[in-house]
Amino acid sequence: MVSGGCVGAEGEVDPEAAAVERDELPVAPAPSRELVVGYALTSKKAKSFLQPKLRGLARKKGISFVAIDHKRPLSDQGPFDIVLHKLTGKGWQQLLEEYREAHPEVTVLDPPGAIAHLLDRQSMLQEVSELDLTDRYGKVRVPKQLFVNTDPSSIPAAVRRAGLSLPLVAKPLVAKSHELSLAYDPTSLTKLEPPLVLQEFVNHGGVMFKVYIVGDAIRVVRRFSLPNVDEGDLSNNAGVFRFPRVSCAAASADDADLDPCVAELPPRPLLEILARELRRRLGLRLFNIDMIREHGTRDRFYVIDMNYFPGYGKMPGYEQVFTDFLLSLAQKEYKRRPSYSSGEG
Ligand SMILES: O=P(O)(O)O[C@@H]1[C@@H](OP(=O)(O)O)[C@H](OP(=O)(O)O)[C@H](O)[C@H](OP(=O)(O)O)[C@H]1OP(=O)(O)O
Ligand SMILES: Nc1ncnc2c1ncn2[C@@H]1O[C@H](COP(=O)(O)OP(=O)(O)O)[C@@H](O)[C@H]1O
Ligand SMILES: [Mg+2]
Ligand SMILES: [Mg+2]
């Protein structure tokens with residue numbers, strides 16, 4: 001059996017923490033009053049995220065979660081120290097932007113503009129692609145992909161021109177739509193419904209890695225994924241195969257008896273660089289990366305999906321990670337205040 005694994009980001013040096021250690025900055029006392037975290041989430045998300053264990057631990061640490069009415073101005077509610085949100089809709093975006101402008105002292109997780117980058121599968125992987133990460137621990141790439149918004153009959157020619165090889169994973173442009181399919185042959189490409197992103201299918205042994213990011217913390221879990229496709233499958237299959245959400249919670253692969261070459265977690269230093277760079281480039285603190293290892297290699301990885309504020313309720317130890325993260329934000333905000341630097345804090 002391959003044991004499950006968690007990756008922490010202890011290797012990173014926080015310059016502020018280092019300064020405190022050297023006694024160059026006074027240590028900020030924990031905020032003496034309660035930390036109020038307003039949340040604007042769907043009821044499904046509130047249920048999966050705000051589990052009793054999280055609420056209980058938060059209460060012990062002086063954090064309270066307060067539901068936000070997404071139809072009313074935020075300034076009439078609260079006051080909040082932190083706002084957590086995952087709602088779409090123009091009305092909400094507008095209310096949130098107005099609130100951010102009026103209350104720069106409140107940490108909004110995360111800025112709507114930065115989130116928008118992950119809501120569209122065409123822009124989602126752009127930073128990973130530009131980063132083109134290669135170091136001694138491995139390479140991280142994006143599968144060759146093509147955005148199509150043309151007449152379906154012209155898709156085979158567009159695919160040929162772009163030099164993409166079959167089979168292709170067809171993904172709706174809008175990331176919150178999860179109706180994906182696999183197209184094995186050119187004719188089946190004409191049955192697809194644009195706008196789509198077509199991505200080369202990469203064999204990876206049926207296991208993928210969910211890399212969860214919460215501020216500076218990183219945790220990784222294994223999930224079952226699509227099996228390899230071989231030459232025989234390619235010549236014997238035709239058509240478009242819709243596939244269900246293979247990476248759902250029920251399919252956690254952390255306790256399965258897996259081929260160690262397939263199941264070995266991506267090297268931690270590689271994930272640390274990847275997460276740090278993406279946090280910085282995207283301006284996001286709450287997201288996840290879906291990664292696969294090219295079958296038959298040890299160190300060639302592909303990022304296939306990224307999600308804003310994913311299903312953290314399934315991340316081992318998320319209660320501790322999240323409450324620590326929220327407290328660290330409060331500390332940072334406290335240190336930014338003028339009263340802190342003038343020594344009155
Ligand atoms: O519902 P959950 O807990 O499975 O979380 C979904 C995520 O599942 P996972 O983290 O893989 O377990 C899911 O991740 P995947 O896209 O399946 O990789 C999405 O983040 C999904 O959000 P949205 O539908 O894209 O807006 C997430 O849905 P929301 O909870 O945000 O609605
Ligand atoms: N390029 C790819 N190569 C191989 N498998 C893929 C590829 N893209 C997606 N998959 C499989 O399809 C699943 C869903 O695709 P993903 O892009 O993560 O969409 P979603 O947002 O619905 O999770 C992945 O978890 C993985 O199992
Ligand atoms: Mg995914
Ligand atoms: Mg997704």
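Start at 1 with the first residue, then count along the sequence. Remember, it's 1-based here, ligands and their atoms both numbered in the order they're listed.
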S.K.: Can you establish whether the number of heavy atoms outside E179 located under 6.0 Å from its atom CD is more than 12?
M.R.: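 For E179, atom CD is not crowded (no more than 12 foreign heavy atoms under 6.0 Å).
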S.K.: Distance check, rounded to the nearest 0.5 Å: D216 atom CG versus F325 atom CZ?
M.R.: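 Here the rounded value is 8.5 Å.
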S.K.: Does the N or O separation between N288 and ligand 1 drop below 3.5 Å for any pair?
M.R.: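 Checking ligand 1 against N288, no N or O pair falls under 3.5 Å apart.
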S.K.: When you compare the side chains of S154 and D151, does any donor N or O come within less than 3.5 Å of an acceptor on the partner?
M.R.: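 Note: S154 and D151 side chains miss the donor-acceptor criterion.
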S.K.: Shared ILVMFWY cluster between L74 and V66, side chains joined below 4.5 angstrom?
M.R.: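 Linked, L74 and V66 end up in one cluster.
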S.K.: Counting from 1, what ligand 1 atoms have a heavy atom of D305 closer than 4.0 Å?
M.R.: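 With D305 as reference, the close atoms of ligand 1 come out as 15 (P), 16 (O), 18 (O).
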S.K.: Quick check on contacts: which atoms of ligand 2 are under 4.0 angstrom from a heavy atom of D290?
M.R.: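 Result: 18 (O).
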S.K.: Pick, from M208, K210, K314, the option with the minimum heavy-atom distance to atom 12 (O) of ligand 1.
M.R.: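 When every heavy atom of M208, K210, K314 is considered, K314 comes closest to atom 12 (O) of ligand 1.
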S.K.: Short list, please: which atoms of ligand 2 are under 4.0 Å from a heavy atom of M208?
M.R.: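 This gives 25 (O) as the contact atoms.
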S.K.: As an exercise, identify every atom of ligand 2 less than 4.0 angstrom from a heavy atom of K171.
M.R.: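 Listed by number with element: 8 (N), 9 (C), 16 (P), 17 (O).
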S.K.: Do any heavy atoms of Q145 fall under 4.0 Å from ligand 2?
M.R.: no
S.K.: Show the nearest heavy-atom pair for residues F322 and L84, with the distance to one decimal.
M.R.: CE2-CD2, 4.4 Å
S.K.: Count the heavy atoms of every other residue, nucleotide or ligand shown that sit under 6.0 Å from CZ of R59, and state whether that count exceeds 12.
M.R.: no
S.K.: Output the atom name for the N/O/S atom of D305 with the smallest distance to the Mg ion (ligand 3).
M.R.: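 In D305, the N, O or S atom with the shortest distance to the Mg ion (ligand 3) is OD2.
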S.K.: Could you tell me which atoms of ligand 2, counted from 1 in the order shown, lie closer than 4.0 angstrom to a heavy atom of L226?
M.R.: 11 (C), 27 (O)
S.K.: Does ligand 2 have an atom under 4.0 Å from some heavy atom of F243?
M.R.: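 The answer is yes: ligand 2 sits under 4.0 Å from a heavy atom of F243.
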S.K.: Check whether any heavy atom of Y212 sits under 4.0 Å from an atom of ligand 1.
M.R.: yes
S.K.: Suppose clustering is done on Ile, Leu, Val, Met, Phe, Trp and Tyr with side-chain heavy atoms closer than 4.5 Å. Which residues sit in the same group as F147?
M.R.: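 Noted: F147 shares its cluster with L173, V197.
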S.K.: What part of E200, side chain from CB on, backbone N/CA/C/O, both or neither, has a heavy atom under 4.0 Å from ligand 2?
M.R.: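 Under 4.0 Å from ligand 2, E200 contributes backbone atoms alone.
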S.K.: Taking heavy atoms and a distance under 4.0 Å, where does F287 meet ligand 1: side chain, backbone, both or neither?
M.R.: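 The answer is neither; F287 stays 4.0 Å or more away.
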S.K.: What atoms in ligand 2 come closer than 4.0 Å to a heavy atom of H178?
M.R.: 20 (P), 21 (O), 22 (O)
S.K.: For the 3.5 Å polar cut-off, considering only N or O atoms, please tell me whether R121 and ligand 2 meet it.
M.R.: yes
S.K.: Run the contact test for K176 against ligand 2 with a 4.0 Å cut-off on heavy atoms, strictly below, and give the result.
M.R.: no
S.K.: Show me which atoms of ligand 1 lie under 4.0 Å from any heavy atom of K44.
M.R.: 1 (O), 28 (O), 29 (P), 30 (O), 32 (O)
S.K.: Hey, is K45 touching ligand 1 through its side chain, its backbone, both or neither, going by heavy atoms under 4.0 Å?
M.R.: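 Side chain only; the backbone of K45 stays clear of ligand 1.
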S.K.: A183 and S188: which non-hydrogen atoms are nearest, and at how many Å?
M.R.: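 Minimum heavy-atom separation between A183 and S188: CB-OG, 3.7 Å.
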S.K.: Indicate whether any N or O donor in one side chain lies under 3.5 Å from an N or O acceptor in the other, for N228 and D230.
M.R.: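 No.
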S.K.: For ligand 1, which atoms, with element, lie under 4.0 Å from some heavy atom of H178?
M.R.: 16 (O), 23 (P), 24 (O), 25 (O)
S.K.: In a check of side chain to side chain contact (heavy atoms under 4.5 Å, CB included) between V221 and each of K210, K314, M208, which one passes?
M.R.: K210
S.K.: Tell me if the CD atom of E105 is crowded by more than 12 foreign heavy atoms within 6.0 Å.
M.R.: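 Yes, CD of E105 has more than 12 neighbouring heavy atoms, counting only those of other groups under 6.0 Å.
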S.K.: Please state which part of D290 comes within less than 4.0 Å of ligand 1, counting heavy atoms only: side chain, backbone, both or neither.
M.R.: side chain
S.K.: Counting from 1, what ligand 2 atoms have a heavy atom of L180 closer than 4.0 Å?
M.R.: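 So the answer, numbered in order with elements, is 14 (C), 15 (O), 16 (P), 19 (O), 22 (O).
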S.K.: Which of the atoms in ligand 2, numbered in the order shown and given with their element, are less than 4.0 Å from a heavy-atom of H204?
M.R.: 4 (C), 5 (N)
S.K.: Run the ring-ring contact (aromatic ring centres under 6.0 Å, His included) test against Y184 and tell me which residues pass, sequence neighbours left out.
M.R.: F241
S.K.: So is there a nitrogen or oxygen of Y308 less than 3.5 Å from a nitrogen or oxygen in ligand 1?
M.R.: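 In fact, backbone or side chain, Y308 has no N or O that close.
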S.K.: Hey, is CD on E98 packed in by over 12 heavy atoms from elsewhere, all under 6.0 Å?
M.R.: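 Yes - once you tally the heavy atoms of other residues, nucleotides and ligands closer than 6.0 Å, there are more than 12.
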S.K.: Polar-atom distance check: S48 versus ligand 1, any N or O pair below 3.5 Å?
M.R.: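 No, there is no polar N/O contact under 3.5 Å.
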S.K.: Looking at P112 and E97, what are the two nearest heavy atoms and their distance?
M.R.: CG-OE2, 3.5 Å
S.K.: Out of the N/O/S atoms in D290, what is the name of the one closest to the Mg ion (ligand 3)?
M.R.: OD2
S.K.: Taking only heavy atoms of P143, which atoms of ligand 2 are found under 4.0 Å from at least one of them?
M.R.: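 Ligand 2 atoms under the 4.0 Å threshold to P143: 1 (N).
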S.K.: Between I304 and ligand 2, which residue portion shows a heavy-atom distance shorter than 4.0 Å: side chain, backbone, both, or neither?
M.R.: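 Looking at I304 and ligand 2, atoms from backbone and side chain both fall under 4.0 Å.
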S.K.: Is R268 salt-bridged to E272, cutoff N-O under 4.0 Å?
M.R.: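 Counted as a salt bridge, because a side-chain N and a carboxylate O are separated by less than 4.0 Å.
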S.K.: So is there a nitrogen or oxygen of P310 less than 3.5 Å from a nitrogen or oxygen in ligand 1?
M.R.: no
S.K.: Could you pull out the closest heavy-atom pair between E34 and S64, with the gap in Å?
M.R.: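 That would be OE1-OG, 3.3 Å.
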S.K.: Among A175, P310, S225, which one puts a heavy atom closest to atom 27 (O) of ligand 2?
M.R.: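 Result: the heavy atom closest to atom 27 (O) of ligand 2 is in S225.
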S.K.: Using side chain to side chain contact (heavy atoms under 4.5 Å, CB included) as the criterion, point out the one residue from L54, L41, I82, L35 that pairs with F65.
M.R.: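 Filter result, single survivor: L54.
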